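Report on one structure; see the data block that follows.
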2 protein chains.
Amino acid sequence: MSRHAFDDAIALTAQSDGSWLGHTSPVYANMVGPFGGVTAAQAMNAVLQHPQRLGEPVALTVNFAAALADGPFTVQARPARTNRSTQHWVIEVLQQGQTVLTGTAFTALRRDTWSADEHTMPVVPRPLDVPLLERAGRVEWINRYEMRFMEGDFPAAWDGRDHGISRTRLWVRDNPPRPLDFASLTALSDVFFPRIWRRRASPVPIGTVSMTVYFHADAARLRDVGTGYLLGQAQAQAFHRGYFDQTAQLWNEAGELLVTTHQIVYYKE
Amino acid sequence: MSRHAFDDAIALTAQSDGSWLGHTSPVYANMVGPFGGVTAAQAMNAVLQHPQRLGEPVALTVNFAAALADGPFTVQARPARTNRSTQHWVIEVLQQGQTVLTGTAFTALRRDTWSADEHTMPVVPRPLDVPLLERAGRVEWINRYEMRFMEGDFPAAWDGRDHGISRTRLWVRDNPPRPLDFASLTALSDVFFPRIWRRRASPVPIGTVSMTVYFHADAARLRDVGTGYLLGQAQAQAFHRGYFDQTAQLWNEAGELLVTTHQIVYYKE
């Protein structure tokens, strides 16, 4: 059985100086450079594979400093501070000696506590009752995800009107299905198309500048999800002078909140 | 006229190796170590004062790796990538050679574009129609802010019940008033008391692990705010096995969204 394309895409090879060698993946290509979600997953993977890692990911921030060129890259992941049950990571991705991504991560050994989801899952139809997006993506990475939109699909007409709301809701999972883990959940956190395209129905040039992912799910919960669907919801709060934000959630089919995630995105108009 | 306590607190002295020397401030003391908002502002200030800085802050992420000890600290701020109109920063704060904070920032020259606030300000009374919090804070930094709570004040009774919601709304500004700038707006992004204290009415031990601030306001808009009030709103989305998140907004009195900000916070219960 061949490996899933996502595993090939995020594969890293340990280098003698402690850094990791990776390679952009043509099957996750975006308009310019690769899908940022996979780049974020590659950065996360350098922490996940690190021999000194303590605990599971709780927070990740990646900053996209430049579009990656197709080809190899180096990931540096340094445990800047290790406490008794927590660890802070500094991450940098380089191509030809130039920084293309900066980031930080936080891992921790979790303990049982009182727990609750305050942002409850919206009431929506079941995944298989929602039509599958059949259109082939204009960019390759879109085809690597099974998307079933309930609200805020790609605009039917790019009419450039202000539609007044930027919210999208969809069921989503890897295509073909792949058991969920922290790396794929990182990539799925970036699966939403740009909020300004939705709000303005206009495909203006954009680029994610920074993305933060908070993992509320632990490894056991991810294993329980398996190849199930995630309900994704994303919405902008403000668009101002060239940058808009996005706040998003990912729940499993049982309604457990796995991730809350945020972005700030450049737009040109 | 003496300088505002906040300016004293965030003051940095340039060192010959390009780093900055700062000092914790007793008037912004928290339960253990200083108020994290001021630590974040100090990190931001190293970027703001940097001779190579390009543009204004758009995004900041700080990770609190350890409680700062009272005394001096060193801030390193490195422009990891400078593009034509954008710049990516890597930040680290050290005490006795140990990392106590890691972070990243993004600055940019903004351009005029179509703009809109999608998360509109809730309908609330005017600042002076809301009672001032008169209680002296149990910790010193609380006294450095004028707080007028409309919803989700510190629990009247620490009854340990699940109150079902963690939302807080308040009017807030520096005390005494100080004209708003990027440093003080950074600190104000951390002004909310822990969401679990609100939700559970129980003052359990907590500590912010990571905070991200997206600045939607530019310098001109901050100047217009002057010493006016900000409407702050904060709410958790999930509490799970030792960590909860917080999503928050800060508007000016005119209802313009200045900041959206997020945290992940450790809690023990």
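Model, not experiment: these values are computed from the prediction. Lettering follows sequence order; numbering is per chain, from 1.
- Heavy atoms closer than 4.5 Å to chain A are found in the side chain of B:H88, but not in its backbone.
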Requested in this report: Let me see the working for A:T61 and B:T104 under side chain to side chain contact (heavy atoms under 4.5 Å, CB included), right down to the final yes or no.
Outcome: CA-CA 9 Å; A:T61 293; B:T104 57; 4.2 Å; yes
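- Look at A:E92 and B:R78 and you find a salt bridge, because one of the NZ, NE, NH1 or NH2 atoms lies within 4.0 Å of a carboxylate O, short of that distance.
- Contacts between B:Q87 and chain A at a heavy-atom distance below 4.5 Å are absent for every atom of the residue.
- The main-chain N or O of B:H240 is found under 3.5 Å from a side-chain atom of A:R110 such that the two form a donor-acceptor pair.
- Two residues are said to be in side-chain contact when any heavy atoms from C-beta on lie closer than 4.5 Å; A:Q98 and B:R81 meet this criterion.
- Proximity to chain A (any heavy atom under 4.5 Å) is shown, for B:S166, by both the backbone and the side chain.
- With a threshold of 4.5 angstrom between heavy atoms, B:V90 approaches chain A through side-chain atoms but not through N, CA, C or O.
- For B:R195, no part lies near chain A; criterion is any non-hydrogen pair under 4.5 Å.
- Only the side chain of B:N83 comes within contact range of chain A, judged by heavy atoms closer than 4.5 Å.
- The contact between B:Y267 and chain A is made by backbone and side chain atoms together, counting heavy-atom distances below 4.5 Å.
- Rounding to the nearest 0.5 angstrom, the gap separating the CG atom in B:D245 from the CD atom in A:E118 is 9.0 Å.
- With hydrogens and angles disregarded, no donor-acceptor distance shorter than 3.5 Å links the side chain of B:T113 to the backbone of A:K268.
- When heavy atoms are compared at a cutoff of 4.5 Å, B:E256 does not approach chain A at all.
- Using a 4.5 Å heavy-atom cutoff, the side chains of A:I264 and B:V58 are in contact.
- Interface remark: B:T82 contributes no atoms to any contact with chain A (heavy atom separation under 4.5 Å).
- No more than 12 heavy atoms of other residues, nucleotides or ligands shown are found within 6.0 angstrom of CZ on B:R84.
- For B:I165, the parts sitting under 4.5 Å from any heavy atom of chain A are the backbone and the side chain alike.
- With contacts defined as side-chain heavy-atom distances shorter than 4.5 Å, the pair B:H262/A:T212 does not qualify.
- For the options A:L257, A:D162, A:V209, heavy-atom pairs under 4.5 Å to chain B are most numerous at A:V209.
- Ranked by heavy-atom pairs shorter than 4.5 Å toward chain A, the options B:T102, B:N63, B:V204, B:D117 are led by B:N63.
- Heavy-atom distances place both the backbone and the side chain of B:A65 under 4.5 Å from chain A.
- Contacts with chain A were tallied for B:E269, B:H216, B:Q235; B:H216 has the most, counting heavy-atom pairs under 4.5 Å.
- The greatest number of non-hydrogen atom pairs below 4.5 Å with chain A, out of B:A59, B:A236, B:S210, B:G103, is found for B:A236.
- Taking A:F215, A:F64, A:Y243 one by one and counting their heavy-atom pairs under 4.5 Å with chain B, the maximum is reached by A:Y243.
- Contact annotation: the side chain of A:Q246 never approaches that of B:Y214 to less than 4.5 Å [non-hydrogen atoms, C-beta and beyond].
- Counting only heavy atoms from C-beta outward, the side chains of A:Y266 and B:T86 never approach each other to under 4.5 Å.
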